[in-house]
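Take a look at the structure below.
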Amino acid sequence: MPSVTLERSRKKRLEHAHPWIFNNEIASVDGNPEPGDLVNVLNHQGRYLATGYYNPASQITVRVVSYQPLDFAQMDTAFFTARFQDCLRHRERFIQDGEAYRLVYGEADFLPGLIVDRFGSILVVQLLTLGMDRCREAIVQALIEVMQPEGIYERSDVSIRELEGLEQTKGPLYGECPRHVTVTENGLLIKVDIVEGQKTGYFFDQRENRAAIEPLMKGWGYKSGIRLEQVEQDGSEQRLPVNKSGKVVTFPYWDGATVLECFSHTGSFTLNACKYGAKKVTCLDISEHAIESARTNVELNGFTDRVEFVVADAFQYLREQVKGLEDRNVRARAGEQKVDTSKALAAGGGKSFDVVILDPPAFAKTKSAVKGACRGYKDINLHGMKLVNEGGYLVTASCSYHMRPDLFLETIADAAEDAGKVLRLIEWKAAGKDHPQILGVDEGHYLKFAIFEVRSKTK
């Protein structure tokens with residue numbers, strides 16, 4: 001069995017369950033392993049630590065697949081069948097809603113370089129590394145045995161494969177694979193494009209976070225002067241919503257929030273907002289394809305009358321709305337100072353919302369991009385919180401691993417200071433239960449999700 005011996009001076013990450021071994025941590029390689037072969041990993045004293053697959057073309061030269069001796073012949077269909085059964089047991093324990101989730105989450109499921117998302121009877125697979133690519137036949141056969149899918153589709157069209165010396169690829173691996181599949185999440189219907197959608201077509205990691213907005217969606221009727229009162233109607237007294245004029249309000253969502261979702265992708269937060277009683281939702285994305293996907297999902301769930309769709313750059317849209325609000329505030333104070341009211345208000349600007357949701361793509365994909373990412377996160381959160389009505393909520397997330405939690409919170413705090421806002425942290429979450437995290441693997445702690453109440457320092 002080929003082996004790699006680690007440097008004496010390295011940090012002991014492997015002993016803390018981190019599955020990656022970088023090129024500069026290796027003192028020697030013995031046995032002439034081929035790229036993709038399994039190797040035993042030894043410490044500087046020659047003591048066995050783990051077994052992983054080897055690729056000298058990658059900065060991550062070894063990725064651990066076992067903490068017990070294993071040869072390549074053992075990474076067969078039976079090996080993957082056992083691992084997939086473990087993965088399925090975990091998801092069935094924690095995911096009670098439907099048959100749509102991340103079935104295999106790479107390193108966190110002890111299968112580094114492999115992602116499998118389940119969309120009902122269709123599986124979408126990503127083979128991200130040479131070691132896993134060499135096992136593709138065994139992986140497919142094991143998935144068929146464990147999951148009995150109608151189809152398996154590959155979405156290995158990601159640039160990370162090129163770092164492994166592999167070409168990007170996608171296409172069917174087994175059975176019939178329709179382009180669109182409809183699944184259920186949080187009791188909502190989601191139509192997913194597995195062929196052209198981002199990554200595998202849908203982001204399961206925010207499942208629990210999307211449901212966490214439920215308490216924000218009701219309790220806003222008081223802003224319009226609507227109160228629940230005992231009213232004589234149809235020969236009996238009923239507790240009904242009544243407006244300032246004493247008339248019964250018949251609009252069913254009279255108590256609902258006005259919501260803005262930016263970077264909507266398939267409109268998943270929009271759907272949850274509507275499900276939980278939002279009055280009106282603005283669903284925004286820069287991609288026409290994303291908005292069409294969101295529109296389809298809104299129609300599937302019968303929420304069309306409460307959603308408006310906007311194709312625009314979120315940064316620009318947020319600035320325009322803030323500029324419009326500032327213009328309105330200046331005009332409201334026109335009696336106190338000289339203001340030229342002959343000029344038109346900023347076109348399309350001036351909207352505010354009870355809840356603003358910001359779920360952008362990763363702004364920092366490398367460590368060197370963090371400084372620019374901080375500017376981006378500060379910009380959208382600064383303008384986003386300015387659009388939140390007094391006492392409303394900012395829902396904000398970052399999926400950039402390099403944007404560490406403390407830095408993310410610090411960036412939002414800086415934005416709040418510049419905006420003259422006081423934020424109260426209501427919720428702080430990470431990825432969902434189908435995205436488990438190995439303690440000691442910081443890279444698994446990529447998703448930060450927060451809900452803040454927004455208050456102004458001055459009126």
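Just so you know, these numbers come straight off a predicted model, no measurement behind them. One is the number of the first residue; the rest follow in order along the sequence.
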F452: partners by ring pair (Phe, Tyr, Trp, His ring centres under 6.0 Å), with sequence neighbours left out: none
Using modelled atom types and a 3.5 Å cut-off, is there a donor and acceptor pairing between side-chain atoms of R136 and backbone atoms of L127? no
Under 4.0 Å between a Lys/Arg side-chain N and an Asp/Glu carboxylate O for K275 and E214? no
Answer with yes or no after comparing the ring centroid distance for F204 and F119 against a 6.0 Å cut-off, counting only values under it. yes
Flag if over 12 foreign heavy atoms under 6.0 Å of NZ, K11: no
Kindly indicate, with the supporting measurements, whether the criterion side chain to side chain donor-acceptor pair (under 3.5 Å) is fulfilled by S156 and Q126. CA-CA 5 Å; S156 301; Q126 285 187 322; over 6 Å; no
Does the pair R207/D434 count as a salt bridge with the N-to-O cut at 4.0 Å? yes
Kindly write out the residues that satisfy ring pair (Phe, Tyr, Trp, His ring centres under 6.0 Å) with F203, not counting sequence neighbours, or none if the list is empty. H265
Has S287 got a side-chain atom pairing as donor or acceptor with H289's backbone, closer than 3.5 angstrom? yes
Is the closest side-chain heavy-atom distance between L423 and E453 below 4.5 Å? no
Under the criterion side chain to side chain donor-acceptor pair (under 3.5 Å), I'd like the reasoning laid out for S400 against Y446: C-alpha separation, chi angles, the key distance, then a yes or no. CA-CA 6 Å; S400 300; Y446 70 98; over 6 Å; no
Does the side chain of Q316 pick up a donor-acceptor pair with the side chain of E320 at under 3.5 Å? yes
Check: D205 side chain, A431 main-chain N or O, donor-acceptor pair, under 3.5 Å: no
Output, in order, the C-alpha distance, side-chain angles, deciding distance and verdict of side chain to side chain contact (heavy atoms under 4.5 Å, CB included) for L300 and K191. CA-CA 8 Å; L300 270 176; K191 187 175 182 180; 3.8 Å; yes
Taking side chain as C-beta onward, heavy atoms only, is E261 less than 4.5 Å from T282? no
Any side-chain donor paired with an acceptor under 3.5 Å for T77 and Q141? no
Kindly indicate, with the supporting measurements, whether the criterion side chain to side chain contact (heavy atoms under 4.5 Å, CB included) is fulfilled by Y401 and L447. CA-CA 7 Å; Y401 154 67; L447 182 62; over 6 Å; no
Audit row: Y393, I426, side chain to side chain contact (heavy atoms under 4.5 Å, CB included) steps and yes/no: CA-CA 9 Å; Y393 297 89; I426 307 300; 4.1 Å; yes
Under 4.5 Å between any side-chain heavy atoms of V370 and L407, yes or no? yes
Sidechain-backbone polar pair: R83 side chain, L111 backbone, donor-acceptor under 3.5 Å: no
Counting only heavy atoms not in R93 (residues, nucleotides, ligands), do more than 12 fall under 6.0 Å from its CZ? no
Residue pair Q206, D359: steps toward the side chain to side chain donor-acceptor pair (under 3.5 Å) verdict: CA-CA 10 Å; Q206 294 265 37; D359 183 23; 3.1 Å; yes
Taking the six-membered ring of F309 as reference, does the cationic atom of R295 (NZ for Lys, CZ for Arg) lie under 6.0 Å from its centre and within 45° of its axis? yes
Examine distances only and state if a side-chain atom of E154 and a backbone atom of V125 form a donor-acceptor pair shorter than 3.5 Å. no
Is the closest basic N to carboxylate O distance between E99 and R118 below 4.0 Å? yes
According to the salt bridge (charged side-chain N to carboxylate O under 4.0 Å, His left out) rule, which pairs have a member within residues 298-317, sequence neighbours left out? E308-K351
May I have the list of side-chain donor-acceptor pairs in residues 381-392 shorter than 3.5 Å, sequence neighbours left out?
{"from": "N381", "atom 1": "OD1", "to": "T396", "atom 2": "OG1", "distance (Å)": "2.8"}
{"from": "N381", "atom 1": "ND2", "to": "Y377", "atom 2": "O", "distance (Å)": "2.7"}
{"from": "H383", "atom 1": "ND1", "to": "D379", "atom 2": "O", "distance (Å)": "2.9"}
{"from": "H383", "atom 1": "ND1", "to": "D379", "atom 2": "OD1", "distance (Å)": "3.3"}
{"from": "N389", "atom 1": "OD1", "to": "S352", "atom 2": "OG", "distance (Å)": "2.6"}
{"from": "N389", "atom 1": "ND2", "to": "F353", "atom 2": "O", "distance (Å)": "3.4"}
{"from": "N389", "atom 1": "ND2", "to": "D354", "atom 2": "OD1", "distance (Å)": "3.0"}
{"from": "E390", "atom 1": "OE1", "to": "S456", "atom 2": "N", "distance (Å)": "3.1"}
{"from": "E390", "atom 1": "OE1", "to": "S456", "atom 2": "OG", "distance (Å)": "2.7"}
{"from": "E390", "atom 1": "OE2", "to": "S456", "atom 2": "N", "distance (Å)": "3.0"}

Quick one: does any side-chain atom of D117 pair with a main-chain N or O of T200 as donor and acceptor, under 3.5 Å? no
If only atom types and distance count, is the side chain of K218 paired as donor or acceptor with the main-chain N or O of Y253 below 3.5 Å? no
Set of residues satisfying side-chain contact (heavy atoms from CB on, under 4.5 Å) with respect to V441, sequence neighbours excluded: H18, P19, I438, E443
Would you list the pairs meeting salt bridge (charged side-chain N to carboxylate O under 4.0 Å, His left out) in which at least one residue belongs to residues 280-289, sequence neighbours left out? none
Identify, with sequence neighbours excluded, every residue that meets ring pair (Phe, Tyr, Trp, His ring centres under 6.0 Å) alongside Y101. none
Would you please indicate if the ring centroids of Y317 and F315 are separated by under 6.0 Å? no
Indicate the atoms forming the closest heavy-atom contact of V192 with G201, along with that distance. CG1-O, 3.3 Å
Who passes side-chain contact (heavy atoms from CB on, under 4.5 Å) against F22, sequence neighbours left out? R13, W20, N24, E25, I60
Which pairs, with at least one residue in residues 160-181 and sequence neighbours excluded, count as a ring-ring contact (aromatic ring centres under 6.0 Å, His included)? none
In short, C274 meets V307 closest at the heavy-atom pair SG-CG2, 3.6 Å
Under 3.5 Å side-chain donor-acceptor pair for S268 and T266: no
Please answer whether the main-chain N or O of L284 pairs with a side-chain N or O of S264 as donor and acceptor at a distance below 3.5 Å. yes
Contacts of H402 meeting ring pair (Phe, Tyr, Trp, His ring centres under 6.0 Å) (sequence neighbours excluded), chain-then-number -> none
Is a donor on one side and an acceptor on the other found under 3.5 Å between the side chain of R155 and the backbone of K199? yes
Could R91 and D109 be called an ion pair, given the rule that one side-chain N must be under 4.0 Å from one carboxylate O? yes
More than 12 non-hydrogen atoms from neighbouring residues, nucleotides or ligands closer than 6.0 Å to CD on E427, yes or no? yes
Listed once per pair and sorted, the salt bridge (charged side-chain N to carboxylate O under 4.0 Å, His left out) pairs that draw on residues 170-190, sequence neighbours left out: K170-E196, R179-D193, E185-R210
Where do Q168 and E162 land on the side chain to side chain donor-acceptor pair (under 3.5 Å) test, with the steps shown first? CA-CA 7 Å; Q168 297 187 35; E162 296 170 6; 2.9 Å; yes
Give the minimum heavy-atom separation between L228 and P241, together with the two atoms involved. CD2-N, 3.6 Å
I190 and side chain to side chain contact (heavy atoms under 4.5 Å, CB included): which single residue from N297, T184, V181 fits? N297
With sequence neighbours left out, which residue pairs that include part of residues 403-414 fulfil the salt bridge (charged side-chain N to carboxylate O under 4.0 Å, His left out) condition? none
Is the ring pair W428/F408 parallel, tilted or perpendicular, if the boundaries are 30 and 60 degrees? tilted
